[in-house]
Amino acid sequence: MIDLRSDTITKPTEEMRRAMYEAEVGDDVYGEDPTVQRLEEKAAEILGKEAALFVTSGTQGNQIAVLTHCQPGNEVLLEEDAHIFYYEGGAISAFAGVQTRTIKGERGKIPPDLLKKAIRGDDIHFPETGLICIENTHNRAGGAIVPIENMREVYQVAQEHNIPVHLDGARLFNVAAELELPVAAFTEHTTTVQICLSKGLGAPAGSIIAGSNEFIQRARKWRKRLGGGLRQVGVLAAPGLIAMTKMADRLKEDHVRARNLAEGLKAIEELEIVNHVDTNIVVADIENTGKSVEQLLEDLKAQDILAVPFGPSTIRLTTHHHITDSDIEQTLQVFQQLLQPVQK
Ligand code: TLP
C-alpha cells in the first residue's frame, strides 16, 4: 500500500523502537520520568523558549494553550482555515468557553491590517481578544509556508495590543528544513508554540508545547485536568527525542517527492494542482475527471494507493518517510491508468 493519507501514519523507526524498549522511566505526574525531562529540556532549547511540556497530541497541545492563555468569554482570532478552528471539533469553544473570530488569510498568512481591525477595543459590549492563533505550515493552505516576515508583523500587532500569539506548529520542522533556518527563528515571533512529534518526524505519539516557565507551569495543570498526565511515559518520550533531533533534516526529501508528485499530476489534463507545493502536501482538484472524490479514492485504493478527501472536489496527498521515489512513480502511473487509459 502506498499510503499518502497523512504524515501521521508514519511508524517508528528501528532506532525509535529500541529507544522505547530501553527508556529509563518514572512517574511523570510526580515529575520523575528522566526521559520526559530530557525531551522537555531539549524541546525548550530547540524551540527557544524557557520551558516545554510533553502532551499527548497536537490537538491536546493546542487546547491546553488556549485554556492557559484565555478566560471564558474571550475571543480568539484565527485564520479561517486554521486547524484549531476547522479540525478540532469546536474544542476551544467546548472546553475553554471562548468564541472564535476568523480572518480570511492568503496562503495561511493573516494580513496584519485585517488583524488590526479584528482586535476588539475597550467597550463593555465586546469580548476581550484573548489570543491570536497562527499555523505554520498551514495544513488547509496545502502545507503552505507562512513567511517569517508575516509572523513578525502579526506578533508586532499582537504585542502592541498586549495579546499573546500561539503558533500551531504541527509541521514547523518542515518549514525550518525547507528554508534551512533554525526552528527558533520562527518561534521568536510567538508567545507559545505547539509542535507535533508524530507527523513527518515519525514518532508514534506526542506533541510539545513551549513557552515561558510561568505559562508551562499553568499548562501542566491544564494537562492534568484534561487527563493528559501520564505515568511511565518515557517510553513515548524516547522516540520523541529521536524524532526531534534526528528526523528533521530529512524532511526536505519529502518536499522534493511532493513536488515531483505534483509535477507528474499536472501533466494529467483532468487534474488541477491547487496549491503551490512548499512542503509535503499536494492538493488536487479532480472536478474534471468525471468521478466523485469518493469514487476516485476508491479506485485509487483498489490500486493500493491511499489519499484523503480535502473538499467537495479536492483530495490531499501527503509525503513522508515511508514514501520512496518509486512509490511516486507508481502513484503517477496509477493516476494515468485511471484517468487517461490508452486509447485502443
Ligand atoms: N492534522 C491531521 C488531521 O487532523 C487533519 C492531518 O492528517 O493533517 N495542527 C495541525 C496543523 C494539524 O495538521 C494537525 C493534524 C493537528 C494540529 C492535530 O494533531 P493531532 O492529530 O496530533 O491531534
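Whatever order the structure lists them in is the order used to number ligands and atoms, beginning at 1. Numbers for residues simply follow the sequence, beginning at 1.
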Below 3.5 Å, can you tabulate the donor-acceptor pairs from side chains in residues 8-15 to any protein atom, sequence neighbours excluded?
| unit_1 | atom_1 | unit_2 | atom_2 | d |
| --- | --- | --- | --- | --- |
| Thr8 | OG1 | Ser6 | OG | 3.1 |
| Thr10 | OG1 | Asp7 | O | 2.8 |
| Thr10 | OG1 | Lys199 | O | 3.0 |
| Thr13 | OG1 | Met16 | N | 3.2 |
| Glu15 | OE2 | Lys246 | NZ | 2.5 |

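- Between His83 and Tyr87, the ring planes lie tilted relative to each other; the angle falls in the 30° to 60° range.
- Thr331 contributes atom OG1, which lies 11.5 Å from atom CG of Asn260 (distance to the nearest 0.5 angstrom).
- With salt bridges taken as basic N to acidic carboxylate O contacts below 4.0 Å, one links Asp278 and Arg107.
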Present, as a list of atom pairs with distances to 0.1 Å, all nitrogen or oxygen contacts under 3.5 Å between ligand 1 and the protein.
| unit_1 | atom_1 | unit_2 | atom_2 | d |
| --- | --- | --- | --- | --- |
| ligand 1 | 1 (N) | His83 | NE2 | 3.2 |
| ligand 1 | 4 (O) | His83 | NE2 | 2.9 |
| ligand 1 | 7 (O) | Ser6 | OG | 2.7 |
| ligand 1 | 7 (O) | Arg316 | NH2 | 2.9 |
| ligand 1 | 8 (O) | Asn139 | ND2 | 3.0 |
| ligand 1 | 8 (O) | Arg171 | NH2 | 2.8 |
| ligand 1 | 8 (O) | Arg316 | NH1 | 2.9 |
| ligand 1 | 8 (O) | Arg316 | NH2 | 3.4 |
| ligand 1 | 9 (N) | Asp168 | OD1 | 3.0 |
| ligand 1 | 9 (N) | Asp168 | OD2 | 2.7 |
| ligand 1 | 13 (O) | Asn139 | ND2 | 2.9 |
| ligand 1 | 13 (O) | Arg171 | NH1 | 2.9 |
| ligand 1 | 19 (O) | Lys199 | NZ | 3.0 |
| ligand 1 | 22 (O) | Gly58 | N | 2.8 |
| ligand 1 | 22 (O) | Lys199 | NZ | 3.3 |
| ligand 1 | 23 (O) | Gly58 | N | 3.4 |
| ligand 1 | 23 (O) | Thr59 | N | 2.9 |
| ligand 1 | 23 (O) | Thr59 | OG1 | 2.6 |

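- Ring planes of His69 and His166: tilted class, angle from 30 to 60°.
- Using modelled atom types, one finds no donor on one side chain facing an acceptor on the other under 3.5 Å when comparing Asn174 with Thr137.
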